[in-house]
Amino acid sequence: MTIEWDAGRLDSDLEGASFDTLAVRAGQQRTPEGEHGEPLFFTSSYVFRTAADAAARFAGQVPGNVYSRYTNPTVRMFEERIAALEGAEQAVATASGMSAVLATVMSLCSAGDHVLVSRSVFGSTISLFEKYFKRFGVQVDYPALSDVDGWRAACKPNTKLFFVESPSNPLAELVDIAALAEVAHANGALLVVDNCFCTPALQQPLKLGADIVVHSATKYIDGQGRCLGGVVAGRSKEMQEVVGFLRTAGPTLSPFNAWVFLKGLETLRIRMQAHSANALALAEWLEQQPGIERVHYAGLPSHPQHELAKRQQSAFGAVVSFEVSGGKEAAWRFIDATRMISITTNLGDTKTTIAHPATTSHGRLSPEERANAGIGDNLIRVAVGLEDLEDLKADLARGLAAL
Ligand SMILES: *Cc1c(COP(=O)(O)O)cnc(C)c1O
């Protein structure tokens, strides 16, 4: 039996609502059943009342769903919630973080265009530009992330896009997003920021002047290591192009994953603050330990861009990397001596992870490229989770004792 509800009460009024409220309520649609949780629409297609209704929906004359590669109500709820949190006109969900990057470049660049990508981006992002986009005639150069003058100098008349991750992985380098946006715009280019490490809970690049934000929702947006997904957010003008590519090519988000991410977003700010508090305390503690030569974390006053980080972010995130005395063997001994922390390169999970970048995420670079990127053999990366701080210290102390 279907219960008739007063339609006026089915949607919350969120006019002027702040981040925490939007994280819990933005985008939610209710069916006439009156469910309190977000409904999960597991359907590939939709039925029409009449042949004329089908024709009108296909022609776009009447709004409504046609096929879940085009639109799905659960996916749309996730998109609207992300758009609200990033301060974007529109967001578009994708099957993974990589398909968010793919869709952005495919929809905005053509053969003969030039893009600038910061040297320190995620490994698969580099491969996508180097192995695939270059094959289709997109020119790519890689300026150093923080050096805004270097970006200006690298611009050409055909530069279409700037692509950055700030903070970078694993060394937590930053770029002044507002300054870089000015350089991009002065050269007729758009600035794309991969906001995966901060999430909109800690940094809102669009408010700093960036044009487009991309995410691997697989990381902190889910936050609990369950689902792959991604999202692109920005102005409707550019997002319409992204939608067009995704509908045609198909790397769209599963409604189930969208539903999991909706739940993740409800606790996003609380989690990011807890991750950041744990990470800051561990970074401060590591800096005091014998056997640790250097700690890379933007929350430390010793970080060269600490002041920029305080201006641009509301906290410093979960990723801490550090150099141990010795080389690869010492770093491996440290990692192998831990007994609780997971040895994996993943991040964005409640469970703390530890990895050796030089032989995993950055293992395909030549020794020289690694040296240029600042990835030493003695570098260890920890993505700090939500376990008790003293338990984390006790586990890392096993690593220190093994040095
Ligand atoms: C993981 C990650 C990606 C890729 O996301 P997937 O969901 O694994 O496709 C892109 N950028 C950054 C910064 C990441 O950490």
Side-chain angles (χ1 to χ4, degrees), residues 75 78 82 86 91-106 115 117-133 142 145 161-175 177 192-203 205 210 212-233 242 246 249-254 256-258 260-261 264-265 272 275 279 298 313 316-321 342 344-349 351 353 355 357 360-362 364 373 375 381-385:
V75 173
F78 169 63
I82 283 281
E86 287 286 7
V92 191
T94 59
S96 65
M98 287 321 303
S99 46
V101 180
L102 174 73
T104 303
V105 180
M106 286 300 280
V115 300
V117 179
S118 61
R119 225 170 262 167
S120 45
V121 292
F122 188 66
S124 298
T125 303
I126 301 243
S127 303
L128 190 59
F129 281 100
E130 271 302 297
K131 273 184 74 180
Y132 299 99
F133 290 135
Y142 300 94
L145 175 66
L161 224 59
F162 284 20
F163 188 100
V164 300
E165 276 167 34
S166 180
S168 73
N169 175 32
L171 294 177
E173 292 166 320
L174 277 67
V175 66
I177 293 173
V192 182
V193 177
D194 182 333
N195 200 26
C196 177
F197 276 48
C198 277
T199 80
L202 305 187
Q203 170 173 278
I212 294 172
V213 164
V214 299
H215 276 285
S216 167
T218 315
K219 311 293 168 50
Y220 295 99
I221 289 175
D222 175 7
Q224 297 168 57
R226 300 166 294 194
C227 286
L228 262 77
V231 65
V232 188
V242 175
L246 283 167
T252 45
L253 183 65
S254 147
F256 179 77
N257 291 12
V260 171
F261 296 151
L265 286 176
M272 290 312 289
H275 278 292
Q313 304 172 201
F316 308 104
V319 177
V320 178
S321 63
S342 315
T344 169
T345 56
N346 197 30
L347 57 102
D349 201 312
K351 299 178 178 74
T353 66
T360 57
S361 53
H362 295 71
R364 275 175 298 176
I375 313 289
R381 191 200 71 187
V382 173
V384 182

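In each ligand, atom 1 is the first atom listed, and ligand 1 is the first ligand listed. Keep in mind that the numbers below use all heavy atoms, side chains included, and drop hydrogens, waters and symmetry copies.
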Short side-chain to backbone donor-acceptor contact, [X] and [Y], under 3.5 Å:
X	Y	answer
E165	F122	yes
S342	T344	no
S99	T94	no
T353	N346	yes
D222	V260	no

Numbered in order shown, the ligand 1 atoms found under 4.0 Å of a heavy atom of E165 are 13 (C)

So the atoms of ligand 1 within less than 4.0 Å of a heavy atom of F197 turn out to be 13 (C), 15 (O)

Who's the nearest protein heavy-atom neighbour of [atom], and how far?
atom	result
atom 14 (C) of ligand 1	K219 NZ, 2.9 Å
atom 4 (C) of ligand 1	F122 CE2, 3.4 Å
atom 7 (O) of ligand 1	T218 OG1, 2.6 Å
atom 12 (C) of ligand 1	D194 OD2, 3.4 Å
atom 8 (O) of ligand 1	S216 OG, 4.2 Å
atom 9 (O) of ligand 1	M98 N, 2.9 Å

CD1 of I82 to CG of N195, rounded to nearest 0.5 Å, is 9.5 Å

request  = May I ask you to check whether G97 has an N/O atom sitting below 3.5 Å from an N/O atom of ligand 1?
outcome  = yes

Margin query: Any nitrogen or oxygen of T125, side chain or backbone, less than 3.5 Å from one on ligand 1?
Written below: no

Heavy-atom nearest pair, P357 first then I375, reads CB-CG2, 3.9 Å

